[in-house]
Enquirer: 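Just dropping this structure here.
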Amino acid sequence: MIPAMQKRTTTSILKQIKLEIEKVPEAALFSHVSPDGDCLGSMLALGIALEGLGKRVFYYNAGPLPENLNSLPGVARISMSIPEELPKTLIFVDCAEAERVNSIMTREYFQGKKVLNIDHHVSNAYFGSLNWIDPEAAATGEMIYRLIRKLGVSISKDIAINLYTAIITDTGRFSFSNTTAKSFKIAAELVKTGIDLAAINNILFERKTLSQTKLLLKALSNLEFRQGGTIAVMVLSQKDFEETGAEKNLSEGLVNYARNIENVEAAALLKEIGTKEIKVSFRSNSWLDVNRIASQFGGGGHIRASGCSLNLPLEKAKESVILALEEAINIERNN
Ligand code: AMP
């Protein structure tokens with residue numbers, strides 16, 4: 001889309017979302033499974049802003065919430081069950097598909113509801129009544145910042161902590177290729193509220209539990225390479241989680257150890273959640289579109305970071321993932 005046209009479309013959809021929010025007394029907010037700093041920070045920041053406008057807010061995440069996000073302001077308000085009676089306005093934050101909220105979140109929930117879909121995933125399915133999708137935004141948190149300003153709510157410290165968490169999560173502390181001048185500009189405004197940057201960074205990125213460190217050791221010890229070291233694959237079995245005592249959500253970020261190895265273009269981490277239930281994280285460095293690979297398996301995400309779930313035994317899943325990566329790399333090379 002030409003930039004001027006895109007700007008007009010965004011302005012108009014943002015205005016419609018603002019009008020919708022202003023006229024309702026309550027809203028239900030939803031964020032995705034395997035929650036991360038962007039989905040939770042964005043949902044909480046928006047919820048706190050809506051509460052500031054006098055609205056009743058219901059927050060949902062399927063959980064469990066990662067330990068390092070347990071101190072986000074407002075986190076105690078998040079429910080892990082959906083009530084029978086939902087408000088008329090449902091707001092999905094950072095969800096490429098409605099089913100990313102949970103497996104039973106089907107379109108049935110949408111009957112008689114207004115669904116606002118706010119997301120930055122290029123793979124978004126445009127499932128809402130109003131869809132504000134901006135793949136140029138490094139984090140959904142950047143979009144929520146804009147919406148909160150548009151609603152005329154001032155950025156409190158609690159909102160700032162949540163949005164800063166969202167942005168540093170998805171930009172890898174302003175280091176990934178999705179980081180823009182806008183990311184820094186918004187972060188600067190958040191920092192002005194007096195939030196403790198060192199503490200937020202420490203909790204999110206630096207402090208590791210012993211079991212998490214042991215899990216890293218397991219992941220590194222079974223690292224495998226293909227295609228002359230262009231592909232790196234890591235596997236974490238249920239046994240690895242049992243032996244280290246680490247929760248399943250503590251593998252967040254481990255795939256970057258594989259991606260960061262010199263000459264690696266694409267990395268994958270396969271995590272065995274249950275028998276025949278494998279969660280895959282894909283990452284690439286500079287030219288491979290891993291969103292396309294994840295989409296082949298019914299997943300999605302971004303060009304440089306994506307994911308999917310496979311209902312296969314771990315070894316079979318690994319074979320399929322390696323095959324898909326090899327094929328994608330060969331196709332790119334021959335183009
Ligand atoms: P992860 O590897 O879980 O950190 O996810 C990387 C990116 O891909 C995030 O933006 C996720 O929201 C997205 N993603 C992960 N799994 C899926 C999936 N099954 N379907 C769609 N998007 C996904």
Side-chain angles (χ1 to χ4, degrees), residues 30-43 61-66 68-69 92-103 105 117-127 133-144 165-173 176-179 204-205 219 232-236 247-260 266-273 277-285 288-312 317 320-321 324-325:
F30 297 94
S31 50
H32 63 71
V33 286
S34 309
D36 59 19
D38 190 24
C39 81
L40 290 187
S42 294
M43 176 172 77
N61 187 278
L65 308 186
N68 65 354
L69 296 174
F92 288 72
V93 173
D94 199 40
C95 298
E97 291 157 32
E99 294 77 12
R100 285 279 286 150
V101 166
N102 69 28
S103 53
M105 177 52 74
N117 171 14
I118 306 174
D119 183 34
H120 72 137
H121 290 95
V122 68
S123 61
N124 192 284
Y126 285 73
F127 57 85
I133 313 304
D134 183 4
E136 304 276 298
T140 297
E142 292 185 2
M143 303 170 71
I144 298 296
T165 298
I167 294 171
I168 63 173
T169 299
D170 269 27
T171 60
R173 299 201 261 185
F176 296 159
S177 56
N178 59 355
T179 311
L204 274 186
F205 294 100
V233 177
M234 286 169 154
V235 169
L236 286 172
E247 297 290 329
K248 299 269 164 49
N249 56 30
L250 285 184
S251 63
E252 171 87 28
L254 293 189
V255 65
N256 292 324
Y257 284 88
R259 183 187 57 179
N260 292 346
L269 168 70
L270 288 94
K271 183 163 78 169
E272 189 179 31
I273 308 287
E277 192 188 347
I278 313 297
K279 160 92 185 79
V280 190
S281 289
F282 291 103
R283 298 291 185 271
S284 68
N285 270 313
L288 194 73
D289 180 351
V290 287
N291 171 52
R292 206 182 290 170
I293 300 174
S295 304
Q296 270 173 241
F297 296 111
H302 309 284
I303 292 169
R304 302 273 167 262
S306 66
C308 66
S309 293
L310 298 178
N311 297 118
L312 290 171
S320 307
V321 162
L325 284 169

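Both counts, for ligands and for their atoms, begin at 1 and track the order of listing.
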Enquirer: How far is atom 2 (O) of ligand 1 from its nearest protein heavy atom, and which residue and atom is that?
Expert: Ser281 OG, 2.6 Å
Enquirer: Quick check: does any side chain N or O of Lys271 sit under 3.5 Å from a backbone N or O of Lys248, one acting as donor and the other as acceptor?
Expert: yes
Enquirer: How far is atom 21 (C) of ligand 1 from the closest protein heavy atom, and which atom is that?
Expert: Gly300 N, 3.2 Å
Enquirer: Check ligand 1 against Gly301 and write out every atom of the ligand that is under 4.0 Å from a heavy-atom position of the residue.
Expert: 8 (O), 13 (C), 22 (N)
Enquirer: Asn117 side chain to Ile133 main-chain N or O, any donor-acceptor pair under 3.5 Å?
Expert: no
Enquirer: Within this structure, what is the OG1-CD1 distance for the pair Thr179 and Ile168, rounded to the nearest 0.5 Å?
Expert: 11.5 Å
Enquirer: Hey, could you give me the CG/SG distance between Asp119 and Cys95, rounded to the nearest 0.5 Å?
Expert: 7.0 Å
Enquirer: Below 4.0 angstrom from a heavy atom of His302, which ligand 1 atoms are there? Numbered from 1 as shown, please.
Expert: 10 (O)
Enquirer: Can you tell me which residue and heavy atom of the protein come closest to atom 3 (O) of ligand 1, and the distance to 0.1 Å?
Expert: Lys279 NZ, 3.1 Å
Enquirer: Is any N or O atom of His121, backbone or side chain, closer than 3.5 Å to an N or O atom of ligand 1?
Expert: yes
Enquirer: In the protein, which heavy atom is nearest to atom 17 (C) of ligand 1, and how far is it?
Expert: Gly307 O, 3.2 Å
Enquirer: Which residue and non-hydrogen atom of the protein lie closest to atom 14 (N) of ligand 1, and at what distance in Å?
Expert: Arg100 NH2, 3.4 Å
Enquirer: What residue and atom, counting heavy atoms only, is the protein's closest point to atom 4 (O) of ligand 1, and at what distance?
Expert: Arg283 NH2, 2.9 Å
Enquirer: So, does Asn291 use its side chain to make a donor-acceptor pair with the main chain of Gly301 at under 3.5 Å?
Expert: yes
Enquirer: Short list, please: which atoms of ligand 1 are under 4.0 Å from a heavy atom of Gly299?
Expert: 18 (C), 19 (N), 20 (N), 21 (C)
Enquirer: Decide whether an N or O pair under 3.5 Å exists between Glu252 and ligand 1.
Expert: no
Enquirer: Check this for me - ligand 1, Gly298, N or O atoms closer than 3.5 angstrom, yes or no?
Expert: no
Enquirer: Is Glu247 atom CD crowded by more than 12 heavy atoms from other residues, nucleotides or ligands, each under 6.0 Å away?
Expert: no
Enquirer: Suppose we measure from atom 19 (N) of ligand 1 to each protein heavy atom; which comes out shortest, and what is that distance?
Expert: Cys308 CA, 3.5 Å
Enquirer: Tell me which protein heavy atom sits closest to atom 7 (C) of ligand 1, plus the residue, atom name and distance to 0.1 Å.
Expert: Ala305 O, 3.6 Å
Enquirer: Tell me whether the count of non-hydrogen atoms from other residues, nucleotides or ligands lying under 6.0 Å of OH in Tyr257 goes above 12.
Expert: no
Enquirer: Could you grab the distance from atom CD1 of Ile118 to atom OG of Ser42, nearest 0.5 Å is fine?
Expert: 9.0 Å
Enquirer: Can you label the angle between the His32 ring and the His121 ring as parallel, tilted or perpendicular, going by 30° and 60°?
Expert: perpendicular
